[in-house]
Number of protein chains: 2
Amino acid sequence: MDKQTVTIYDVAREAAVSMATVSRVVNGNPNVKPATRQKVLDVIDQLDYRPNAVARGLASKKTTTIGVIIPDLTNSYFSELARGIDDVAMMYKYNIILTSSDENHDKEMQVIDNLSAKQVDGIIFMGNQITDELRTAFDRTHAPIVLAGSVDPKHQVPTVNIDYVAAVTEAVSNLINRGNKRIAFVTGSMDESINRDYRLKGYKQALSEARIGFDDGLVFQTDYSYKAGYKLAKALQDVKATAAFVGDDELAAGVLNGLTDAGIRVPEDFEVITSNDTRFTEMTRPRMSSITQPLYDIGAVSMRLLTKLMNNESINEQTVVLPYGLKKRTSTK
Amino acid sequence: MDKQTVTIYDVAREAAVSMATVSRVVNGNPNVKPATRQKVLDVIDQLDYRPNAVARGLASKKTTTIGVIIPDLTNSYFSELARGIDDVAMMYKYNIILTSSDENHDKEMQVIDNLSAKQVDGIIFMGNQITDELRTAFDRTHAPIVLAGSVDPKHQVPTVNIDYVAAVTEAVSNLINRGNKRIAFVTGSMDESINRDYRLKGYKQALSEARIGFDDGLVFQTDYSYKAGYKLAKALQDVKATAAFVGDDELAAGVLNGLTDAGIRVPEDFEVITSNDTRFTEMTRPRMSSITQPLYDIGAVSMRLLTKLMNNESINEQTVVLPYGLKKRTSTK
DNA sequence: ATGAAAGCGCTAACAA
DNA sequence: TTGTTAGCGCTTTCAT
């Protein structure tokens with residue numbers, strides 16, 4: 001039933017050489033006489049031989065496959081990172097097993113074991129709650145791991161990201177400088193350390209630098225979704241906020257449109273600044289001011305770092321922090 | 001250096017049974033005495049044994065991995081499909097090797113061979129130019145293939161999609177019914193058969209039903225990008241169009257905003273209708289009217305169909321056509 | 001420069 | 001119900 005598959009053995013026989021020699025030419029080993037190489041190449045061509053990567057993986061203990069764990073494929077922030085990862089993975093001839101975790105801890109655990117069973121050579125993990133359990137899972141995996149666009153408060157796992165604290169501080173200070181005193185802090189769950197330990201810290205820092213008291217009531221935890229943001233309009237008015245820092249662009253788009261649809265003028269009556277500078281920022285009206293970050297590069301650099309780890313190359317820095325910026329568009333004055 | 005790996009052999013030895021028995025319990029084969037099973041399970045637990053999927057793949061000729069070829073990860077249309085694929089793949093215990101093709105034919109070819117070499121059990125292909133070369137590549141692959149949200153004019157490859165001709169006809173008729181006579185047709189390259197053979201056909205059909213002549217000048221081929229759409233504003237005015245059918249939501253968002261920024265009121269002076277009903281449609285102002293399609297389901301059903309193909313189950317229909325609809329929002333009158 | 005042969009870790013007949 | 005034994009297709013010493 002199977003399309004008859006031609007193996008290295010067939011090639012060896014036809015070319016009247018040993019399997020070892022065929023293997024050598026396939027793998028570009030220089031220790032082959034040019035004439036032999038050519039003969040083998042011809043037979044390969046003629047037989048349309050294609051090496052079986054699974055067999056190769058078993059024998060060599062390298063699969064040239066890496067695992068990528070992504071919380072949500074449809075979130076631009078992550079898919080932009082993924083594009084960076086994908087590009088350099090391809091450059092280095094790695095395939096990607098892409099698995100969604102849905103930001104679900106059990107699934108993350110399961111997925112790691114699963115990737116491990118598939119003998120991936122490395123793993124790129126996106127997700128913002130590096131629990132101890134997760135660390136354990138990381139540890140018992142033979143494959144090196146790097147965190148992309150995520151954060152490890154304990155600085156144990158190699159990571160590529162930006163300085164979230166500084167970025168948020170700057171964004172919020174920017175809002176403060178224009179006279180805003182009641183600035184809402186809108187983002188995902190505080191269970192995520194990127195929110196709890198980084199963004200919130202930046203927010204508080206900006207407040208304290210301006211000697212503005214912190215008000216719990218201005219902190220909104222919600223889903224990273226347009227809808228969730230849209231629904232926040234009323235609450236935002238109720239707490240008399242005049243501006244908001246938002247941790248996700250789709251969420252911010254929801255906030256923006258919710259406000260607008262409720263008759264609040266942005267930016268005249270309410271300023272909005274968001275975090276990820278994805279394509280959404282250009283699509284809304286007004287267009288959203290944002291922290292800018294090199295999304296593609298974060299992915300690309302993560303993957304590059306992973307290749308080094310997989311080759312046991314020496315690493316200068318476990319954590320690489322890429323530059324961020326601030327882009328003023330029209331959702332702020 | 002390697003974390004010492006425990007194999008099925010170790011388990012067999014410790015449990016004082018044969019490898020075959022261990023293999024049986026790992027694979028849930030019922031032909032094992034409960035007591036034996038328990039003993040083996042205990043040892044597995046104690047040794048923390050994890051089956052090597054690569055070895056398994058080599059021996060069984062099944063990798064429980066499928067390949068997914070996607071033109072652009074960051075395009076919502078495709079990432080929504082991917083989510084559907086991913087969910088049911090996970091449900092059926094398949095992993096996904098995700099590869100971007102960048103709508104590049106050579107890359108598509110290469111990627112198929114690559115997936116083939118990795119012995120994937122099946123492939124889901126998204127892309128809209130099924131060339132003969134591609135068909136050849138499909139054929140020489142041992143794995144079954146299904147097209148998701150794409151189109152095979154020759155109806156040779158199993159496919160899940162909607163009736164694009166009917167959907168576009170309806171959308172354009174809708175525009176016509178409101179008095180529009182000069183309706184622009186804005187979409188990607190006419191090299192893609194979904195544009196050339198399906199969407200355009202629907203467009204022409206709607207025109208002809210209304211006895212409106214076809215005008216070449218109203219057809220715009222461009223990238224599927226916001227920017228490309230944004231730049232079209234002037235050209236759209238130059239040809240005196242009063243409405244546009246657009247084949248992609250980001251592209252449509254660009255058209256919409258470009259028009260608005262050029263001082264044209266949508267929908268009063270110009271109506272826009274788009275094709276994919278992704279989340280972008282809700283984010284723009286005005287919100288975009290659109291053809292609706294069950295994006296997630298297209299992905300999910302594709303994957304389900306693929307599982308059947310992989311199990312050699314009999315298939316009722318090679319091509320499954322899911323229902324579409326029309327959603328009026330505020331970019332049309 | 002080339003070949004022989006022993007695995008890699010597992011599944012799947014086939015026997016018992 | 002359980003064990004024995006070939007492989008699966010390739011890489012990789014170790015000889016030559």
Side-chain angles (χ1 to χ4, degrees), chain A residues 1-41 43-44 47-65 114 116-121 142, chain B residues 1-41 43-44 47-65 114 116-121 142:
Chain A
M1 218 44 249
D2 254 351
K3 277 164 207 175
Q4 175 222 310
T5 136
V6 4
T7 74
I8 200 174
Y9 178 79
D10 300 319
V11 177
R13 184 172 25 75
E14 285 304 305
V17 298
S18 72
M19 289 164 56
T21 298
V22 178
S23 177
R24 287 190 188 98
V25 350
V26 167
N27 292 297
N29 183 317
N31 290 348
V32 183
K33 196 165 37 168
T36 322
R37 173 185 312 281
Q38 194 51 55
K39 185 172 55 178
V40 172
L41 253 18
V43 174
I44 286 180
L47 263 43
D48 194 29
Y49 164 69
R50 294 141 186 285
N52 178 325
V54 173
R56 211 189 262 215
L58 182 59
S60 68
K61 297 178 168 295
K62 292 199 176 317
T63 55
T64 61
T65 301
N114 198 231
S116 210
K118 294 247 160 137
Q119 312 299 119
V120 294
D121 296 337
H142 51 283
Chain B
M1 221 40 252
D2 254 351
K3 279 164 206 176
Q4 175 222 310
T5 136
V6 4
T7 74
I8 200 174
Y9 177 79
D10 300 317
V11 177
R13 185 171 26 74
E14 285 304 304
V17 298
S18 71
M19 288 165 57
T21 299
V22 178
S23 177
R24 287 189 188 99
V25 350
V26 167
N27 291 298
N29 184 317
N31 292 347
V32 182
K33 193 162 46 167
T36 323
R37 173 186 310 282
Q38 194 51 56
K39 186 173 55 178
V40 172
L41 252 18
V43 174
I44 286 180
L47 263 44
D48 193 30
Y49 165 68
R50 293 139 186 287
N52 179 323
V54 173
R56 213 185 247 201
L58 182 58
S60 69
K61 296 177 168 294
K62 290 195 177 319
T63 55
T64 61
T65 301
N114 199 230
S116 210
K118 295 247 160 139
Q119 312 298 120
V120 296
D121 296 337
H142 51 286

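Lettering of chains follows the sequences in order, A, B, ..., and the numbering in each one begins at 1.
Checking D:dT2, D:dG3, D:dC10 against every side-chain atom of B:Ala20, the shortest atom distance belongs to D:dG3. Nearest to the side-chain atoms of B:Arg24 among the listed nucleotides D:dC8, D:dC10, D:dT2 stands D:dT2.
The stretch residues 9-18 of chain B has no heavy atom under 4.0 angstrom from DNA chain C at all.
For A:Gln119 against A:His142, the heavy-atom pair with the smallest separation is CA-NE2, 3.8 Å. Counting all heavy atoms, side chain and backbone alike, B:Thr64 lies closest to B:Asp121 at N-OD2, 2.7 Å. Here the shortest heavy-atom pairing between A:Ala12 and A:Ser18 reads CB-C, 3.7 Å. Of all heavy-atom pairs spanning A:Leu47 and A:Val6, the tightest one is O-CG1, 3.6 Å. Nearest approach of A:Leu58 to B:Ala55, heavy atoms of both residues: CD1-CB, 3.7 Å. Across all their heavy atoms, B:Thr5 and B:Asp10 have their closest contact at O-OD2, 4.0 Å.
Separating the CG atom of B:Asn29 from the P atom of D:dT1 is a distance of 9 Å, rounded to the nearest angstrom. For the pair A:Asn27 CG and D:dG9 P, the computed distance is 17 Å after rounding to whole Å. Distance, B:Lys33 NZ to D:dT2 P: 5 Å, rounded to whole Å.
Within the 4.5 Å cutoff, the side chain of A:Lys118 has no heavy atoms near those of the A:Thr65 side chain. Under the 4.5 Å side-chain criterion, counting only non-hydrogen atoms from C-beta, A:Arg37 is not in contact with A:Arg24. Taking the side chain as every heavy atom from C-beta outward, A:Leu41 and A:Val25 approach each other to under 4.5 Å.
For the OP1/OP2 pair of D:dT1 and a distance below 4.0 Å, the side-chain nitrogens and oxygens of B:Thr36 include no atom meeting the criterion. Considering only side-chain N and O atoms, A:Arg56 lies under 4.0 angstrom from the phosphate OP1 or OP2 of D:dT11. Of the side-chain N and O atoms in B:Asn31, none sit less than 4.0 angstrom from OP1 or OP2 of D:dT2.
When heavy atoms are screened at a 4.0 angstrom cut-off, A:Thr21 is found touching the sugar-phosphate backbone but no base atom.
Screening A:Asn27, A:Ile44, A:Val26, A:Thr7 against A:Pro51 for a side chain to side chain contact (heavy atoms under 4.5 Å, CB included) leaves a single residue, A:Val26.
Along DNA chain C, the stretch of nucleotides lying under 4.0 Å from any heavy atom of chain A spans, 5' to 3', C:dA1 to C:dG9.
For the helix from C:dA1-D:dT16 to C:dA16-D:dT1, the end axes, each set by the C1' atoms of five terminal pairs, are bent relative to each other by 30° (nearest 10°).
When atom types are taken as modelled, the side chain of A:Ser23 and the backbone of A:Met19 share no donor-acceptor pair closer than 3.5 angstrom.
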